[in-house]
Amino acid sequence: MTADDQLLPFHRKARLPVSCHWGSSIAMRDERKYVVDTIGAFLNGASGKWDWDDFTSTSLRSAKLNSIRLRVAALDLPLDAESEATLMALRDEAELLTDADIAKPRPWRMATGVVCGLLVGAVIWWNSYIPGAGLFQNPQLFLIPAALGIVVVSLRNKRKKVGPYDPAVVALNRHGRV
């Protein structure tokens, strides 16, 4: 038994290909290959001891591929015939993604904008704090930066055309999806 086998899966760095790590500059098309190969190896029974766990628990850069990974992780193990067919369909879906689909960035969450705005507001409030005036002096110093954080996130998502501004989502909404 190696030292790697003794560690719990969340204590080890996932064994992703070099192209799948966040700091990598290699094309995300390799990330698609990683998804297809990992699902294929699992279906064939050729995956390593921790490969499936690493795949289902490690986020991917591409929002589309990460969505496929999350749907794969939601399947119950051991696989029955229906789950195996679903897994094959998800592998085929990953194979059919184009480079344009994969390269689309993830949307920023509104909560990120609120938290960043609150942190900036806290720094501004701390710098303008007057002793003896009470803790609730100038609450606008928290609220305005938080609102600006939401605006920044919304403008970024709109400029990148991701999240609710994705043309595919907009088209679905026009047809009454919501």
Side-chain angles (χ1 to χ4, degrees), residues 1-115 153-154 156-178:
M1 181 180 266
T2 66
D4 194 35
D5 293 334
Q6 293 173 348
L7 295 174
L8 295 173
F10 52 83
H11 287 188
R12 295 177 294 108
K13 185 173 181 119
R15 284 183 256 134
L16 296 175
V18 175
S19 64
C20 293
H21 292 293
W22 283 98
S24 175
S25 62
I26 299 174
M28 285 198 293
R29 144 182 39 143
D30 296 334
E31 198 172 62
R32 176 181 48 219
K33 182 180 180 332
Y34 167 69
V35 170
V36 171
D37 290 349
T38 303
I39 294 173
F42 184 75
L43 286 170
N44 297 334
S47 62
K49 182 177 181 180
W50 295 105
D51 291 346
W52 189 250
D53 181 58
D54 290 344
F55 173 70
T56 57
S57 62
T58 305
S59 181
L60 300 173
R61 290 182 296 177
S62 166
K64 298 260 185 184
L65 290 172
N66 199 48
S67 168
I68 292 172
R69 182 194 64 82
L70 290 172
R71 287 183 279 161
V72 164
L75 294 174
D76 292 328
L77 296 178
L79 295 176
D80 56 359
E82 183 180 330
S83 297
E84 191 171 335
T86 303
L87 196 57
M88 283 189 239
L90 289 171
R91 183 191 60 196
D92 295 341
E93 181 181 339
E95 281 181 318
L96 295 176
L97 288 176
T98 64
D99 287 340
D101 293 333
I102 294 172
K104 188 177 288 189
R106 286 185 181 174
W108 287 354
R109 294 176 40 188
M110 290 297 167
T112 304
V114 171
V115 168
V153 168
S154 182
R156 183 267 182 189
N157 288 345
K158 186 173 185 177
R159 185 175 60 86
K160 297 276 187 177
K161 294 185 179 175
V162 293
Y165 303 103
D166 186 355
V169 173
V170 171
L172 284 173
N173 287 336
R174 284 193 185 128
H175 297 297
R177 180 182 68 104
V178 177

Q) Say you draw a straight line from CG of Leu96 to NZ of Lys64; how long is it, rounded to the nearest 0.5 Å? A) 12.5 Å
(Q) Measuring from atom CG of Asp92 to atom CG of Leu97, what distance do you get when rounded to the nearest 0.5 angstrom? (A) 11.0 Å
Specify the closest pair of heavy atoms between [X] and [Y], including all atoms of both residues, with the distance to one decimal.
X: Asn66; Y: Leu60; value: OD1-N, 3.1 Å
X: Ser83; Y: Leu75; value: O-CD1, 3.9 Å
X: Gly113; Y: Val153; value: CA-CG2, 3.5 Å

Mind checking what makes side chain to side chain donor-acceptor pair (under 3.5 Å) contact with [X], not counting sequence neighbours?
X: Thr86; value: none
X: Arg156; value: none
X: Thr56; value: none
X: Glu95; value: none

(Q) List the residues meeting side-chain contact (heavy atoms from CB on, under 4.5 Å) with Leu43, not counting sequence neighbours, and say none if there are none. (A) Ile39, Leu79, Glu84, Leu87, Met88, Arg91
**Q.** Contact check, side chains of Ser154 and Trp108, non-hydrogen atoms, under 4.5 Å
**A.** no
Q: Scan for salt bridge (charged side-chain N to carboxylate O under 4.0 Å, His left out) pairs involving residues 65-76, sequence neighbours excluded, and state none if there are none.
A: Arg71-Glu93
Q | Pair Tyr34 + Phe55: ring centers closer than 6.0 Å | A | yes
Q) Quick check: are there more than 12 heavy atoms from other residues, nucleotides or ligands sitting under 6.0 Å from CH2 of Trp52? A) yes
